[in-house]
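Here is how names work: the chains are called A, B, and so on, in the same order as the sequence lines, proteins then strands, and each is numbered from 1.
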Amino acid sequence: NQWIFLQFLRAGLAYRQMAPVDWCPKDQVVLAREQVEGVDRVCWRCGTQVIKRDLEQWFFRITKYADELLSFEGIDWPEPVRLMQTNWIGRSEGADVAFHTAPSEHHEGGAVLRVFTTRPDTLFGATFMVLAPEHRLVAELTAPEQREAVEAYVAAARRETEIERLSTDREKTGVPLGADAINPVNGERIPIWIADYVLASYGTGAIMAVPGHDERDFAFATQFGIPIRRVVAGPDDADDAPLDEAYPAKDEDARLVNSGPYSGQPWAAGFAAIVADLEAKGQGEPTVTYRIRDWLISRQRAWGTPIPVVYCAADCGIVPVPESELPVLLPDDFVYPEGGGNPLETTESFLRTTCPQCGGEARRETDTMDTFVDSSWYYWRYLAPQNADAAIDRALDERWMPVDQYTGGAEHAVMHLLYSRFFAKALNDIGVIGEREPFKRLFNQGQILGADGERMSKSRGNVQDPDELVGRYGADTVRLFLMFMGPWDQGGPWNPSGIEGINRFLRRVWTVTLDSSGQEHGNPDAGSLPAGEDLAAAEKTLRVAAHRTLEGVTADHDGFRWNTIVAKLMELTNLLMKYRGTPAADTAGWDEAVRLLLLMLAPVAPHIAEELWSRRLASAGGSWGSIHTEVWPAFDESVVAAEMIELPVQVNGKLRDKVSVAPGLAQDEIEAIVMAQPKVIANLEGKQVVKVIHVGGRLVNIVVR
RNA sequence: GCGGAAGUGGUGAAACGGCAGACACGCUGGCCUUAGGAGCCAGUGCCCGAGAGGGCGUGGGGGUUCGAGUCCCCCCUUCCGCACCA
């Protein structure tokens with residue numbers, strides 16, 4: 001981590017900056033934006049509501065890759081995750097427009113207010129401007145008679161929590177500065193307001209407000225009696241059709257109106273023309289804005305990777321620790337500060353060091369790295385975890401990476417899964433790996449929730465400890481139960497009530513494997529085959545079932561359908577149970593079925609499969625070999641092909657009968673058999689057959705009138 | 001508000017556009033047991049029927065099709081993500 005950090009620092013991908021950041025008061029640590037969740041703005045680890053603080057912190061420049069991260073070319077990822085990342089990055093194309101302030105008694109004018117807009121085509125509809133309360137020009141522009149009101153509003157906005165600030169459905173508030181700006185397209189003077197619905201952290205922290213065509217501006221203008229002007233009209237609207245709500249139309253046939261020389265143009269053409277004209281005058285330019293922010297990696301925790309820089313007491317400033325002195329280790333004599341906080345800040349043995357540049361006194365950085373730094377590249381380290389010469393073994397990287405199939409929860413969409421993609425691109429740029437994406441194919445497994453249906457968390461107290469179940473039932477049972485619960489990409493509340501069934505299944509597997517002929521379990525029917533079945537038929541039934549199971553299980557593995565794999569293995573086991581203790585259990589077909597059962601069980605219940613495999617080999621006098629080194633068996637097509645097919649017969653789409661036919665029969669032959677069935681005859685009574693539909697030897701539907 | 005996913009028995013769930021409810025849990029009955037929280041067997045979507053059998057059923061309403069849980073349109077509900085992003 002430290003070596004990579006130093007490379008990032010050199011490449012300008014790591015930097016330290018003062019910024020308003022999210023702080024968890026309980027954990028006493030800052031968090032990345034991705035790690036603050038929900039409308040309530042809570043810490044992803046402990047659920048405590050975060051607060052904003054201005055702090056100097058370390059960041060990774062993920063925004064450098066914003067555009068590249070929007071492209072998922074060449075990787076096969078689930079649509080929901082791609083969408084979440086796309087929305088999180090939040091690319092908006094628009095324009096920067098410069099408004100100049102108008103001269104007045106208290107201000108000479110000419111100050112530049114830059115705004116970002118996605119609709120420069122609506123510039124003629126701008127009837128006011130709004131600055132974020134934190135905007136740096138607020139104090140300068142405020143007229144004396146407005147000073148008191150403005151200062152009160154700014155102070156109130158500062159006191160508000162994030163949630164209050166961000167709740168969408170509350171009334172708009174704001175205060176005019178008592179100053180005007182000049183609209184660059186028409187020279188019109190428009191009033192400048194401050195309002196907390198404009199965020200300092202997005203765009204330029206200032207907007208041109210177009211109430212006719214923006215919902216929020218409309219609400220604000222309505223509230224404060226500011227003029228609302230139509231500058232875009234749909235094909236059915238008159239140029240001055242009144243607006244009773246904001247009309248944001250971007251339909252192809254929407255046209256600009258009341259927009260001077262641009263009136264009558266389609267909005268998209270007006271968009272381009274206005275931006276071009278502004279650019280020519282030096283009052284604007286096309287811009288792209290993103291919602292994603294750089295990744296805040298500083299953590300005030302003692303158990304992360306120390307950030308390898310020192311602060312020189314003299315004049316060298318922030319000095320990276322030389323690579324030859326890595327790693328910077330955590331101390332083992334922590335001094336815990338009273339009242340909590342990061343012990344590294346009070347542990348002198350760690351803090352005191354010398355400046356690598358001037359040799360004078362220096363203090364170590366006490367922030368450690370976000371643990372998501374570790375998870376962003378661990379899979380590269382796993383290629384050669386013992387390698388002491390390099391973080392990543394380049395030859396092994398070329399040979400193995402990227403990861404072909406990765407599994408992770410969708411809840412990591414904008415954390416781990418986004419950070420990892422950033423790391424791939426950054427590590428590629430600094431030349432230590434050969435690819436720009438970490439995971440070729442991603443599969444999202446479902447998330448198991450607490451019994452209460454809420455996400456498991458220590459603070460909610462709904463965390464389930466799998467070890468308890470493993471202790472009671474064994475790892476195979478718990479593992480199989482998790483697989484059996486439902487599709488793998490689907491989660492749900494944890495409910496272990498069905499685990500007994502899995503345990504019973506594995507005990508039955510044990511029974512059929514080791515007790516093929518035994519009658520000691522007291523089955524009263526032991527020793528005889530089911531009525532009307534001879535030995536050859538029973539053996540055939542077993543072989544066919546085993547190979548069909550193998551065919552299905554093989555296909556299910558490709559689709560991660562472990563729930564149906566387990567179900568199929570249960571079916572086969574139940575069939576073996578039926579023949580247990582009968583002469584059929586002494587046949588080669590039985591042995592083959594049991595052998596295949598164990599081989600199919602091996603990937604899903606590795607321990608019991610290995611145990612039964614070795615016992616079975618031992619009892620047959622063979623030498624020991626692990627089941628996990630066996631190749632996956634191939635099913636026998638000729639066995640799978642059935643001798644007779646059960647054909648459902650429908651009349652007008654309703655199931656009426658089933659007939660048994662030989663495979664490969666011609667349609668008219670099948671039809672002859674079907675039409676002779678008593679139930680079919682009864683159902684056709686008094687009706688006229690329109691046509692008969694044959695579905696490839698799987699079904700017959702007789703359409704009647 | 002925007003975006004996404006999903007609605008099937010008492011429960012978890014199966015079902016290339018072709019037999020809805022596989023496989024389990026639970027429940028009911030039986031067998032075996034000194035006993036059973038063990039094991040085995042049978043039954044178990046709903047309604048009518050002693051049974052054979054019949055009718056109805058995949059959130060609601062339309063549609064496409066010989067045939068729809070599955071495809072299309074509208075609506076409802078739940079969950080997830082983002083949320084005054086200009």
Interface polar pairs with nucleotides 6-15 of chain B, N/O, under 3.5 angstrom:
residue, atom, partner, partner atom, Å
B:G12, O2', A:M485, O, 2.5
B:A13, OP1, A:Q490, NE2, 2.6
B:A14, OP1, A:N563, ND2, 2.9

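- Using a 4.0 Å heavy-atom criterion, one finds that A:T204 contacts no nucleic acid atom at all.
- Residue contacts for A:R656: at a heavy-atom cut-off of 4.0 Å it reaches the sugar-phosphate backbone alone, with no base atom in range.
- Using a 4.0 Å cut-off, no side-chain N or O of A:N444 falls inside it from OP1 or OP2 of B:C80.
- Classification of A:E79 and A:R82 as a salt-bridged pair holds, one side-chain N sitting under 4.0 Å from a carboxylate O.
- Residue A:R507 places at least one side-chain N or O closer than 4.0 Å to OP1 or OP2 of B:G39.
- No engagement by A:N652 is indicated, since no non-hydrogen atom pair under 4.0 Å with the nucleic acid exists.
- Look at CD1 on A:I499: it is 16 Å from C1' on B:G26, rounded to the nearest Å.
- Rounded to whole Å, atom P of B:C84 lies 20 Å from atom CE of A:M208.
- Atom P of nucleotide B:C19 and atom CD1 of A:I693 are separated by 15 Å, given to the nearest angstrom.
- At the heavy-atom level, A:L83 lies under 4.0 Å from the strands shown only through sugar-phosphate atoms.
- Taking only side-chain nitrogens and oxygens, A:R504 comes nearer than 4.0 Å to OP1 or OP2 of B:C25.
- The phosphate of B:C56 has OP1 or OP2 within less than 4.0 Å of a side-chain N or O from A:K654.
- Taking atom CG on A:L655 and atom P on B:G53, their separation rounds to 12 Å, with Å as the unit.
- Comment: A:R91 engages A:D67 in a salt bridge, judged by a side-chain N to carboxylate O separation of less than 4.0 angstrom.
- In this structure, the ring of A:W494 has its center less than 6.0 angstrom from the ring center of A:F481.
- Of the inter-residue distances, the one linking A:L296 atom CG with A:Q35 atom CD reads 8.0 Å to the nearest 0.5 angstrom.
- Within 4.0 Å of A:R508, counting heavy atoms only, lie sugar-phosphate atoms of the nucleic acid but no base atom.
- One atom, CE of A:M577, and another, P of B:A42, lie 11 Å apart when rounded to the nearest Å.
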